[in-house]
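Quick caveat: nothing in here was measured; it's all calculated off a predicted structure.
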Amino acid sequence: MIFYLGSSVTYGSAADGKSFVEYLAERTNSAYIKEAVSGTMMTDSPESYIERMKTGFDRNVSCDYFICQLSTNDATQKRPLGDLTLSQEENEFDTGTVIGAVEYIISYVRRTWNCPVIFFTNVFWDNQEYAAMVEALYRIQKKWQMGIIDLWNNPEMKNVSEKLYKKYMADVIHPTAEGYLEWWTPVFEEYLQNVNRNGKIIAGDL
């Protein structure tokens, strides 16, 4: 069982609600629960990631992987980045900041389901706030050793032709159905295959 937490990109808002989540499940025959609401943020806000994480996933269901979107909405809304703490206690994280929210999610998931946590980024787009969030994710990884599926820095995705980009992306943030199926899903599938083969989360990007 894989839990997915995110917003419009995880939901598939430009692809009739079908994202890499469903394609990955079809290709790997894996069960999943998708908790994705368009327009939502990781940081404190109505229907935040943290709020929905606590209500949308059964604490008694066994989870093999928890995959979370590094939200583009926090970047477009210019939410504060925050600072990495030395603590691993949830009540010490500032969930009004991006880093604090990410730390809270990791801590809560490990305490509740005791499973690997993987964050994934969007593909590259011209946004300084999101670039800072991706950089911060690697600093968080040094502390927590969680997984990162880094589409932002993926050289093949970053250097895709203009023709394919228009085919794969409805706009700079949201993939099309073809984008999910042909461009995003293979990267997720390869990452999870490597995790399964090695029995641990790969530290780094694919």
Side-chain angles (χ1 to χ4, degrees), residues 1-38 40 42 49 52-53 56-58 61-72 105-106 109-110 112-125 134 137 141 145-161 163-206:
M1 175 70 73
I2 302 176
F3 291 172
Y4 295 93
L5 178 63
S7 49
S8 57
V9 173
T10 304
Y11 173 69
S13 63
D16 296 322
K18 186 174 183 179
S19 72
F20 68 90
V21 173
E22 287 78 13
Y23 290 122
L24 188 61
E26 291 170 3
R27 290 168 68 147
T28 62
N29 194 31
S30 58
Y32 69 92
I33 297 173
K34 181 169 80 170
E35 175 55 57
V37 177
S38 297
T40 55
M42 297 184 297
Y49 279 31
R52 291 184 293 110
M53 173 178 65
F57 301 110
D58 190 337
V61 171
S62 177
C63 177
D64 297 304
Y65 302 107
F66 191 101
I67 299 179
C68 185
Q69 177 189 344
L70 187 69
S71 174
T72 58
I105 290 167
I106 296 169
V109 169
R110 290 187 175 176
T112 305
W113 293 287
N114 190 30
C115 70
V117 182
I118 304 166
F119 274 80
F120 74 91
T121 75
N122 257 60
V123 295
F124 182 83
W125 54 300
V134 175
L137 200 60
Q141 185 186 56
Q145 299 300 306
M146 83 290 186
I148 300 175
I149 299 176
D150 188 353
L151 308 184
W152 177 270
N153 291 304
N154 185 304
E156 292 183 6
M157 302 181 89
K158 203 168 184 177
N159 296 316
V160 69
S161 69
K163 180 179 179 181
L164 281 177
Y165 187 87
K166 289 181 178 179
K167 175 184 177 183
Y168 289 154
M169 297 294 288
D171 53 43
V172 296
I173 292 175
H174 302 96
T176 62
E178 290 173 309
Y180 283 119
L181 178 60
E182 299 175 14
W183 207 32
W184 286 45
T185 300
V187 179
F188 281 80
E189 185 176 18
E190 180 184 358
Y191 188 95
L192 291 177
Q193 284 175 344
N194 285 329
V195 169
N196 290 335
R197 183 173 65 248
N198 297 330
K200 62 181 180 180
I201 291 294
I202 299 171
D205 62 294
L206 282 175

## Note on the structure
For Phe119, the ring-ring contact (aromatic ring centres under 6.0 Å, His included) test, sequence neighbours excluded, returns none
### Message
So, taking the atom named OG in Ser7 and the one named CZ in Arg52, what distance separates them when rounded to the nearest 0.5 Å?
### Response
7.5 Å
### Message
Quick check: closest heavy atoms across Ser71 and Thr40, and the distance to 0.1 Å?
### Response
OG-O, 3.4 Å
### Point-to-point distance, once rounded to the nearest 0.5 Å, from CG of Asn29 to CG of Leu24
11.0 Å
### Minimal non-hydrogen separation, Glu22 against Ser19, with atom names
OE1-N, 2.9 Å
### Query
Under 4.5 Å between any side-chain heavy atoms of Ile2 and Leu192, yes or no?
yes
### Query
Can you name the nearest heavy-atom pair linking Pro175 to Ala14, along with the distance?
O-CB, 3.5 Å
### Query
So how far is it from Thr121 OG1 to Leu70 CG, rounded to the nearest 0.5 Å?
7.0 Å
### Message
With heavy-atom distances below 4.5 Å as the criterion, would you say the side chains of Glu35 and Thr10 are in contact?
### Response
no
### Query
Just wondering, do Phe57 and Cys63 contact through their side chains at under 4.5 Å, heavy atoms?
no
### Query
Hey, mind stepping through Val9 and Trp184 against side chain to side chain contact (heavy atoms under 4.5 Å, CB included) and telling me if it holds?
CA-CA 11 Å; Val9 173; Trp184 286 45; 3.6 Å; yes
### Message
According to side chain to side chain donor-acceptor pair (under 3.5 Å), who are the partners of Glu26, at least two apart in sequence or on a separate chain?
### Response
Lys18
### Query
For Ile105 and Tyr49, which heavy atoms make the closest approach, and how far apart are they?
CD1-CB, 4.1 Å
### Task
Would you please classify the geometry between the Phe66 ring and the Trp113 ring as parallel, tilted or perpendicular, with 30° and 60° separating the classes?
parallel
### Task
Could you tell me the separation between the CD1 atom of Ile148 and the CG atom of Asn153, rounded to the nearest 0.5 Å?
9.5 Å
### Query
Hey, what do you get for CD1 (Ile173) to CG (Asn122), rounding to the nearest 0.5 Å?
6.5 Å
### Message
Test your reading of the model: is there a side-chain donor-acceptor pair from Asp64 to the backbone of Met1, 3.5 Å cut-off?
### Response
yes
### Message
Applying ring-ring contact (aromatic ring centres under 6.0 Å, His included), can you list everything that pairs with Tyr23, at least two apart in sequence or on another chain?
### Response
none
### Message
Would you say the ring centers of Phe120 and Tyr191 fall short of 6.0 Å from each other?
### Response
no
### Residue list, side chain to side chain donor-acceptor pair (under 3.5 Å) with Ser8, at least two apart or on another chain
His174
### Residues which pass ring-ring contact (aromatic ring centres under 6.0 Å, His included) with Tyr11, listed by chain and number, not counting sequence neighbours
none
### Query
Thr185 side chain to Tyr180 main-chain N or O, any donor-acceptor pair under 3.5 Å?
yes
### Message
To the closest 0.5 Å, what do you measure between CE (Met53) and CG (Leu5)?
### Response
7.0 Å
### Message
Apply side chain to side chain contact (heavy atoms under 4.5 Å, CB included) to residues Ile106 and Gln141 and explain how you reach the verdict.
### Response
CA-CA 10 Å; Ile106 296 169; Gln141 185 186 56; over 6 Å; no
### Message
Checking Arg110 now: which residues fulfil salt bridge (Lys or Arg N to Asp or Glu O under 4.0 Å) with it, not counting sequence neighbours?
### Response
none
#### Entry: Aromatic ring proximity, centroids under 6.0 angstrom, Tyr165 and Phe124
no
### Task
Just do the side chain to side chain contact (heavy atoms under 4.5 Å, CB included) check on Val187 and Met157 with the steps written out, would you?
CA-CA 10 Å; Val187 179; Met157 302 181 89; 4.1 Å; yes
### Query
Is there a side-chain contact between Leu151 and Trp183 (heavy atoms, below 4.5 Å)?
no
